[in-house]
S.K.: 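Dumping the structure here so I can ask a few things about it.
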Amino acid sequence: MDLLADLNEPQRQAVTCPGGPLQVLAGAGSGKTRVLTYRVAWLIASAGVSPQEILAITFTNKAANEMKERIESLVGPVARTMWVSTFHAACARILRKEAPHLGYMNNFTIYDTADQVRLVRRCLKELDLDIKRFTPKGIHAVISSAKNQLIGPQEFTGMVDGFYDDTAARVYELYQKMLFTNNAMDFDDLIMLTVTLFKAFPERLGHYQHSFRHILVDEYQDTNHSQYRLVNLLGRQHRNVCVVGDDDQSIYSWRGADIRNILDFEKDYPDAMVVKLEQNYRSTQTILSAANSLVCNNSDRKSKKLWTDAGEGEPVRVVAVSDEHAEARFVAGEVNRLRGEGIPPGSVAVFYRINAQSRVLEDIFVRYGIAYRVVGGTKFYERAEIKDAIAYLLLIDNPADSVSFMRVINSPKRGLGQAAVTALAGYAGSEGITHLEAAARADRIAAIRPAARKSLKAFQALITDLAAATASSPVAATIEAMLAGSGYLDMLKAERTIEAEGRIENLQELVGVAAEYDQRAVGGSLRGFLQEISLYTDVDKLAVEQEAVTLMTMHNAKGLEFPAVFIIGAEEGIFPHSRSLEEQNLEEERRLCYVAMTRARRRLYFTHATTRNLYGGRSYNMASRFIEEIPARLTRVEAEPGTRTVSGGHYGKPVTPVPDAGSAAGTFFHAGDNVVHAAFGEGVVTRVEPGGGVTVRFSRDGSERTLMVEYAPLKKV
DNA sequence: GGTTATGCTATTTTT
DNA sequence: TAGCATAACC
Ligand SMILES: Nc1ncnc2c1ncn2[C@@H]1O[C@H](COP(=O)(O)OP(=O)(O)OP(=O)(O)O)[C@@H](O)[C@H]1O
């Protein structure tokens, strides 16, 4: 069987394990994901397991799609009926069928984090609590972590004490009630309610236990308790549970992930077969040794061997720069240099600790003309206009959804004030009807003025009409009709600003996404579309655009690999982040560093800046302790000219100056260059000034301005 | 009731 | 710094 030809011996052993509990605990790049993928393929192709009997769990939707594709390429289209998804998506799929058992409707809405926090805020207000003291975010975090522990509202109330937690418990109860009346669930509910369902309806559990003959979980080190329980319940009958992971790569404890899940697997399944993988197929020996030395500073870990036959490779480069601009310029210059070494920009990734760090990088990349794409950050689906549009669609699909109703009832402005909306909500509550139904009966609500009544009724009619039309029209058409009919598009057009144009473009992109869905999904529906995008994040659409540098947080980098990796902002306070230090999470930060480093195949860089602007203030940071945890023999330490380090010479090695990456104005702009400025438009360089300035004459108004190259949003054309 | 301004605040990581 | 929420104002 040629499936097995792509595997080494221990991998083959894991892949062909006939059944029973199986654990693969192994270091980075040792082929764990490959094992999982091939095991699924093998089960289908050689063990007579039907694809429908397989449940494979991945960490992101993107990883799920990749795995599906890979399996399909190994065993053919039969693979399409497998369940390969995230925990959340799998549970959502189960609950779409089973929700009525729990009193929810099948078309429940899934609230994203912002919706959840908004709902908590509403609960706090309803209970007349001090929002300053009990911040919606804080309370939400408490509720979320309770749910991750499978602690429902009543149970939570019963077990906590102390004023804060008691208050949180009251909010939790109301919050859960509100979700229920809105026919909505939050992310954590997806898992918790699935477990609840299985506990309350054993025959439903039996059904799924029976149908999932094999359960496989990737990135098992980042599962939380509720997910653990779920796997445990589902796997009870066949006991064909295969988990794959690396305790050193557990980086989501703040989201409830519990490293004990993987460490205790053998306790839960004493008969488990345990396979170790020790050959790394990704990185050079230098990178591996560096990462390993680093992570050895953690206690409480299962030590793992890891070797490679890829050779020594280049030293890890550690570069000191003066500030974040110099840092970005260094990276940009290096990206250009790497091209010459056969590493195109598409093979380069830049990782940072916090999203805010991407800004400067983007600025400089634009100026250098380097293509890049940012993964994560302000996400497409979190933009206000997209959320508004989706809220309309959700309301069309689920008239009971009061959060969506509230979101869009006055955007665009419909002449409804606080008073009218409150009266409407009150009426809906007392009559036990939805907000939308209440809008239809606006005439009966005394507190609402005639003009407002009229627009409420019009709104209700709009939504109802759109809902009636959805069955017979493609999703894209529904969205277009909604944008036009609601006046949303007109509102943006009337604004006549750059931002509004951008928003219109975003909405067009949404229509595009829907059109793509219409084409692809046979028997597609508005509901299907909404369900698909409700669990969708930007990481999932990380398209393999060639030639663009990838910018993302280290968390997003999990599971990926790149020939060259830059880890920027390697400074105390940033990485490790000061907040993590406060919370005693140094070891998790170190694991994050380990994950980031082991994404690199051949080249690895750390940069740290003496000073940087962050949150509006200037800070001076020492180089990250993580840098010092890498043995000096594996690194090459350098400093850009003019860089002074904070603590001075704490490296074990003399510092070699690095040639300037080309920041001087002269190297970038020449008299006669055509340029474009973000605010002033197109122009031409008339003079290059000493000291990093250029004089540009702008064609728009004929003005001449002298600009500092370092700061001006100026680009060659 | 709507608009605008100012005033605040919170800024880690995300399915 | 910027993004949001509330307050003052029209
Ligand atoms: N037997 C093998 N022969 C050749 N290449 C392999 C083999 N096994 C894995 N690889 C390659 O090694 C790389 C890492 O594999 P994979 O992503 O499965 O590892 P992993 O253990 O899941 O990594 P991580 O935990 O770091 O995300 C991939 O490029 C994969 O194609």
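Lettering follows sequence order; numbering is per chain, from 1. Bear in mind that the values here come from a model prediction, so they are computed numbers and not experimental data.
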S.K.: Taking for each residue the nucleotide of DNA chain B with the nearest heavy atom, is it A/F87 or A/R449 whose nucleotide lies nearer the 5' end?
M.R.: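 Going by which nucleotide is closer to the 5' end, it is A/R449.
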S.K.: Between B/dT12 and C/dA5, how far apart are the two C1' atoms, rounded to whole Å?
M.R.: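 About 23 Å, rounded to a whole number of Å.
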S.K.: OP1 or OP2 of B/dT15 sitting under 4.0 Å from any side-chain N/O of A/T113?
M.R.: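 A/T113 to B/dT15 OP1/OP2: no side-chain N or O under 4.0 Å.
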S.K.: Look at the rings of A/F108 and A/Y104 and say which category their plane angle falls in: under 30° parallel, 30 to 60° tilted, over 60° perpendicular.
M.R.: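 Ring orientation, 0 to 90° scale: perpendicular.
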S.K.: 5'-most contact on DNA chain B: A/G415 or A/H577, nearest heavy atom basis?
M.R.: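 The residue mapped nearer the 5' terminus is A/G415.
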S.K.: Dump every N/O contact between nucleotides 4-6 of chain B and the protein below 3.5 Å, one line per pair.
M.R.:
none

S.K.: Quick one: label A/E583 by what it contacts on the DNA or RNA (base, sugar-phosphate, nothing), any heavy atom closer than 4.0 Å.
M.R.: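 Counting heavy atoms under 4.0 Å across all strands, the contact made by A/E583 includes a base.
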S.K.: Pick one: which of A/S226, A/S144, A/S145 meets side-chain hydrogen bond (donor to acceptor under 3.5 Å, both in side chains) with A/D188?
M.R.: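 Answer after filtering A/S226, A/S144, A/S145: A/S144.
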S.K.: Could you tell me if the side chain of A/E589 sits less than 4.5 Å from the side chain of A/S580, heavy atoms only?
M.R.: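 Contact flag for A/S580/A/E589 side chains = yes.
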S.K.: With a 4.0 Å cutoff (strictly under), does any side-chain N or O of A/N410 reach OP1 or OP2 of B/dG1?
M.R.: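 False: A/N410 side-chain N/O out of range (4.0 Å or more) of B/dG1 OP1/OP2.
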S.K.: Look at the side chain of A/R579 and the base of B/dT13, then say whether one donor and one acceptor between them are separated by less than 3.5 Å.
M.R.: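 Result: no qualifying N/O pair found.
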S.K.: Once each nucleotide of nucleotides 3-10 of chain C is scored for protein heavy atoms under 4.0 Å, what B/S/- sequence comes out, 5' to 3'?
M.R.: S--S----
